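Values below: every heavy atom of this structure, side chains too, minus hydrogens, waters and symmetry copies. Just so we're clear, the structure is a prediction, and the values are computed from it rather than from any experiment. Count residues from 1 along the sequence.
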Amino acid sequence: MNEREKLRMFRELDDALASALRDLGGGDADSQDASPSTPSFEERLHDLMQEYQLSSRNVATLLRTIVELRQAQ
């Protein structure tokens, strides 16, 4: 996997994490019922892991990096 693919993967996981956090923090029961076709964060993360053939250890490292970078800003 080259650096460009790693960066794209990082951005996709970052977007998925940000979206899931927004859903957890700002969503109510009605809005969740209104869009049952939207996959959950876990489903999106699992799909990305399969697509890029990532282990849970790699994803954990990536998520720690995302959190550390956001805290450094």
Got a sec, which residues hit salt bridge (charged side-chain N to carboxylate O under 4.0 Å, His left out) with Glu12, two or more places apart in sequence or on another chain? Arg8
Which residues pass the side-chain contact (heavy atoms from CB on, under 4.5 Å) test with Asn58, not counting sequence neighbours? Leu54, Ser55
Nearest-0.5 Å distance that lies between atom CZ in Arg44 and atom CG in Asp15: 10.0 Å
Main-chain N/O of Gln50 paired to Gln53 side chain as donor or acceptor, under 3.5 Å: no
Measure the CG-NZ distance between Leu62 and Lys6 for me, rounded to the nearest 0.5 Å. 11.0 Å
Cluster check Val67, Val59: I/L/V/M/F/W/Y, side chain < 4.5 angstrom: no
Please identify which of these residues, Glu3, Arg11, Arg4, meets the side chain to side chain contact (heavy atoms under 4.5 Å, CB included) condition with Leu7. Arg11
Given the rule in the side chain to side chain contact (heavy atoms under 4.5 Å, CB included) test, do Phe10 and Leu69 qualify, once you have shown the distances and angles that lead to the verdict? CA-CA 12 Å; Phe10 178 84; Leu69 288 173; 3.8 Å; yes
